[in-house]
Amino acid sequence: MRPPKGGRALLGLKLELEASGRLGAATRKESWSERLTAVGELGDAAAVDGEIARMFRATAERG
């Protein structure tokens, strides 16, 4: 996770884009590991909900 401008957070996950409509493709310009295939932007703490928790679990299961 890294903080882009504007007080948001950019979350990188090892998931297919189809896992959530909140995900977009990871771009090569990110300095993250190549294993992270999807990114999602969190606007504030309220954006962390059950769907984000489900995506964290799915990512952890994939190693």
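Source: prediction; values computed, not measured.
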* **Test side-chain contact (heavy atoms from CB on, under 4.5 Å) applied to Asp44 and Arg8, step by step** => CA-CA 6 Å; Asp44 58 22; Arg8 302 177 321 258; over 6 Å; no
* To do: Assess whether side-chain contact (heavy atoms from CB on, under 4.5 Å) is satisfied between Leu13 and Val39, documenting all intermediate values.
  => CA-CA 6 Å; Leu13 298 167; Val39 294; over 6 Å; no
* Run the side-chain contact (heavy atoms from CB on, under 4.5 Å) check on Glu16 and Arg62 step by step: do they pass? -> CA-CA 11 Å; Glu16 293 85 20; Arg62 297 175 143 245; 2.5 Å; yes
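Contact annotation: the side chain of Leu42 approaches that of Arg22 to within less than 4.5 Å [non-hydrogen atoms, C-beta and beyond].
Here the CE atom belonging to Met55 is positioned 7.0 Å from the CG atom belonging to Leu11, to the nearest 0.5 angstrom. Atom CG of residue Leu36 and atom OG1 of residue Thr59 lie 8.5 Å apart, to the nearest 0.5 angstrom.
Of all heavy-atom pairs between Arg54 and Ala19, the closest is NH2-O, 3.1 Å. Between Ala47 and Ile52, the shortest heavy-atom distance links the atoms O-CG1, 3.5 Å.
Judged by distance alone, with hydrogens and angles left aside, the side-chain atoms of Thr37 form a donor-acceptor pair with the main-chain N or O of Leu15 at under 3.5 Å.
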